[in-house]
Structures are given as C-alpha cells and as structure tokens.
Number of protein chains: 2
Amino acid sequence: MKDTDDKLTSRNIKPTAMRELVLDILTEQKMAISLSDLEQKFHKSDRVTLYRTLKTFEEKKLIHSIDDGTGAVKYALCKETCQCHPEELHVHFLCLKCQHTFCLSDIPIPSINLPVNFSVENINMVVKGVCSNCKD
Amino acid sequence: MKDTDDKLTSRNIKPTAMRELVLDILTEQKMAISLSDLEQKFHKSDRVTLYRTLKTFEEKKLIHSIDDGTGAVKYALCKETCQCHPEELHVHFLCLKCQHTFCLSDIPIPSINLPVNFSVENINMVVKGVCSNCKD
DNA sequence: AAGTTTATGCAACTGAGTTGCAAACTAATC
DNA sequence: GATTAGTTTGCAACTCAGTTGCATAAACTT
C-alpha cells in the first residue's frame with residue numbers, strides 16, 4: 001500500500017481506503033475503464049463515491065478521461081509526471097470488435113495549425129477500428 | 001425546395017416535409033447543432049422524429065456527428081461528395097467560452113501511424129479552446 | 001476530547017438516447 | 001381512384017450515465 005499511498009499524496013489526494021482500492025484497480029487495467037466497469041469490480045459499492053473518486057483523481061491529474069463515443073466516459077492512469085497539457089496528450093483507440101479502449105501512449109497527438117486567434121486547451125483524439133487482438 | 005429535395009434524393013433519402021425542414025435548418029447553421037438545439041428551432045416538434053431524421057441523415061452520409069464531450073452529440077452537414085472515409089475527415093473545434101462547436105473543414109485529420117495490425121475505420125478529433133470570436 | 005473539515009453512502013433527479021406501437025402518410029398496383 | 005403494402009411520424013415510456021443534496025461517518029486540528 002505504501003506505493004499506492006505515495007502516488008496519491010504526491011498528487012495531493014488524501015489516501016483513504018476507498019481511494020487506494022480504486023487506484024489499485026486502475027493500475028491493474030490494461031485498458032481504460034468506465035464508471036460502470038469500475039463499479040462491477042466491487043462486490044458492494046456506491047456509484048456516487050466511485051464517481052467522485054474518479055472526479056478527484058482526474059482533477060489532480062492522476063488519471064485522464066477519454067470520451068470514445070460509446071456513451072460512457074472512460075478513465076486511464078496518467079504517467080507519473082503528466083500535467084495533461086496539449087503537448088503531452090496521446091491518441092486513444094477504440095476497438096469496434098472487443099469494444100476495448102486503449103491508450104496509445106507512444107503516439108502523441110499531432111499538432112494542428114488552427115485558424116488565426118484560436119487557442120488550444122485540450123484535445124480529444126479517438127481512432128476507431130479493429131485492434132491487433134481482434135484482427136484475424 | 002427543389003434544391004433541398006435534390007440533396008435528399010441524391011443521398012437516397014425520401015424527401016418528406018419534415019426532412020426538408022430539418023435539412024434547411026441544418027443548412028442555415030454556421031456551427032454543429034445537437035438534437036436538443038434542433039428541437040428548439042421548432043415551435044412544435046417531436047424529439048423522436050427529429051432523432052430518427054438525424055439518424056437517417058447520418059446513415060446516408062448527408063450529415064456527420066461530432067462527439068465534443070459536452071454530453072450531447074452534435075451534427076453538421078457533410079460536403080456534397082463526402083463518404084466519411086478516414087481520409088476525408090476534418091478536425092472539429094469546441095469553444096470553451098461560447099460552447100459552439102465548429103467544423104474546421106479545411107483542416108484534415110492528420111494520419112496516424114498505428115501499431116502493427118491495427119486498422120482504422122473512423123476518427124474523432126476535437127480540439128477544445130477559445131475561438132477567435134471569444135478571444136479578446 | 002471537542003470541534004472542524006473532508007469523505008462516504010443513500011435517495012432522488014436530469015437529460016440524452018432509445019424502443020415499441022399505433023396512426024398518418026406515401027407509393028405502387030389493380 | 002380505391003386497395004394494399006411499406007414507410008414515416010407522433011406519443012408514451014423506458015434505460016442509463018452523470019449529477020446534486022443531505023445526513024452520517026471518518027479524519028484531521030488544536
């Protein structure tokens with residue numbers, strides 16, 4: 001738990017039992033998960049608490065949210081030092097077969113030449129297709 | 001109405017009074033609009049009909065949908081010949097001040113080098129920031 | 001230990017998206 | 001132009017994600 005605690009405190013999040021649990025679950029995931037997904041990892045849980053936990057984590061940039069168009073926002077861990085600035089963001093991939101959403105952490109979002117006087121704060125880029133697992 | 005009718009029939013959509021009206025409204029818009037926005041352009045209207053009209057239009061590629069993360073999917077007209085293939089897609093912009101969502105029709109979505117054995121079918125790319133109108 | 005702040009759990013609500021069904025409309029055939 | 005078949009429209013009702021308010025429980029302060 002020491003490790004988990006450190007991750008929380010280093011992001012200025014008070015380490016409660018609930019939060020440690022949620023962070024551990026998020027750490028285990030190979031893919032992004034939604035609030036409902038998270039809920040189902042618990043035998044007994046309160047959606048609202050999980051919801052607020054995710055919100056807190058996102059605010060403190062411990063996790064980032066991905067709107068992949070499936071109707072439920074998904075969440076995945078940020079890298080240690082991530083501040084979620086536009087230059088740090090990566091592409092996400094939604095597999096239309098297995099419905100899993102991945103971080104393509106190695107693929108940065110290409111920079112865009114916006115029209116004059118437009119400024120960027122955030123970018124959401126989701127590629128939809130078929131992942132290597134589902135390709136046969 | 002001739003013009004509107006032609007646009008519908010050329011996309012294999014039967015031109016009903018309702019559909020002509022919706023297409024006309026969509027044509028007038030400078031920005032993408034949601035189902036709720038559309039609903040409010042009518043004095044008396046049925047959400048479900050408008051919903052289904054938008055679905056039909058999208059299926060026939062007369063319009064495309066944009067998930068800008070605001071919770072409501074927005075819609076905008078496609079170009080005449082658009083088939084909504086990945087290479088044809090453009091970037092969208094959500095202004096965090098005026099909350100308007102624009103097509104940046106001149107800015108194609110940059111192509112991405114996906115990991116091996118990943119294939120693309122669609123891409124949603126939304127840049128969020130402040131538009132030139134709201135910048136002061 | 002008392003008091004203050006913060007987190008949790010429950011109930012309840014909103015709003016987008018959706019489905020089923022019956023009535024209205026359109027198109028096709030005789 | 002009446003009959004039928006297929007399509008579109010309108011209404012009711014539902015699901016599900018996200019959200020708020022409030023009361024209790026836990027953690028932190030002095």
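Scope of the values below: all heavy atoms of this structure, side chains included, with no hydrogens, waters or symmetry mates.
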Check every strand shown and say whether B:Lys55 touches a base, only sugar-phosphate, or nothing at a heavy-atom separation below 4.0 Å. sugar-phosphate
B:Asp37 and B:Ser34: side chain donor to acceptor below 3.5 Å: yes
Donor-acceptor pair (no angle test) under 3.5 Å: A:Arg47 side chain, C:dG9 base: no
Has B:Tyr51 got a side-chain N or O lying under 4.0 Å from the OP1 or OP2 atom of C:dT18? yes
Using the rule that two of Ile, Leu, Val, Met, Phe, Trp, Tyr join whenever any of their side-chain heavy atoms come within less than 4.5 Å, decide whether B:Met125 and A:Val126 are in one cluster. no
DNA chain C: 5'-proximal contact among A:Thr53 and B:Pro15 (nearest heavy atom): A:Thr53
Hey, are the side chains of A:Gln29 and A:Lys74 touching, using non-hydrogen atoms and a 4.5 Å cut-off? no
Expressed as a whole number of angstroms, how long is the span from B:Tyr75:OH to C:dG17:P? 6 Å
d(CG, A:Leu35; P, D:dT19) in whole Å: 10 Å
Separation of D:dA17 C1' from A:Ile33 CD1 (nearest whole Å): 15 Å
Rounding to a whole Å, what distance do you find between B:Met18:CE and D:dT7:P? 20 Å
Scan side-chain atoms only and decide if A:Lys41 and A:Ser45 contain a donor-acceptor pair under the 3.5 Å cut-off. no
How close or far is atom P of D:dG6 from atom CD1 of B:Ile13, stated in whole angstroms? 22 Å
A:Lys60 NZ to C:dT6 P: how many Å, rounded? 10 Å
B:Val73, nearest nucleotide to its side chain (from D:dT19, D:dG18, C:dG17): C:dG17
Centre-to-centre under 6.0 Å for A:Phe118 and B:Phe93, is that the case here? yes
So what does A:Thr16 touch, heavy atoms closer than 4.0 Å: a base, only the sugar-phosphate, or nothing? sugar-phosphate
Separation of atom CG in B:Leu8 from atom P in D:dT7, rounded to whole Å: 17 Å
Whichever of A:Ser36 and B:Asp46 has the more 5' nearest nucleotide on DNA chain D, that residue is B:Asp46
Any donor-acceptor pair, under 3.5 Å, between the side chain of A:Arg52 and the base of D:dG18, if you only look at N and O atoms? no
Between P on D:dG18 and CG on A:Asp37, what's the gap in Å once rounded to a whole number? 10 Å
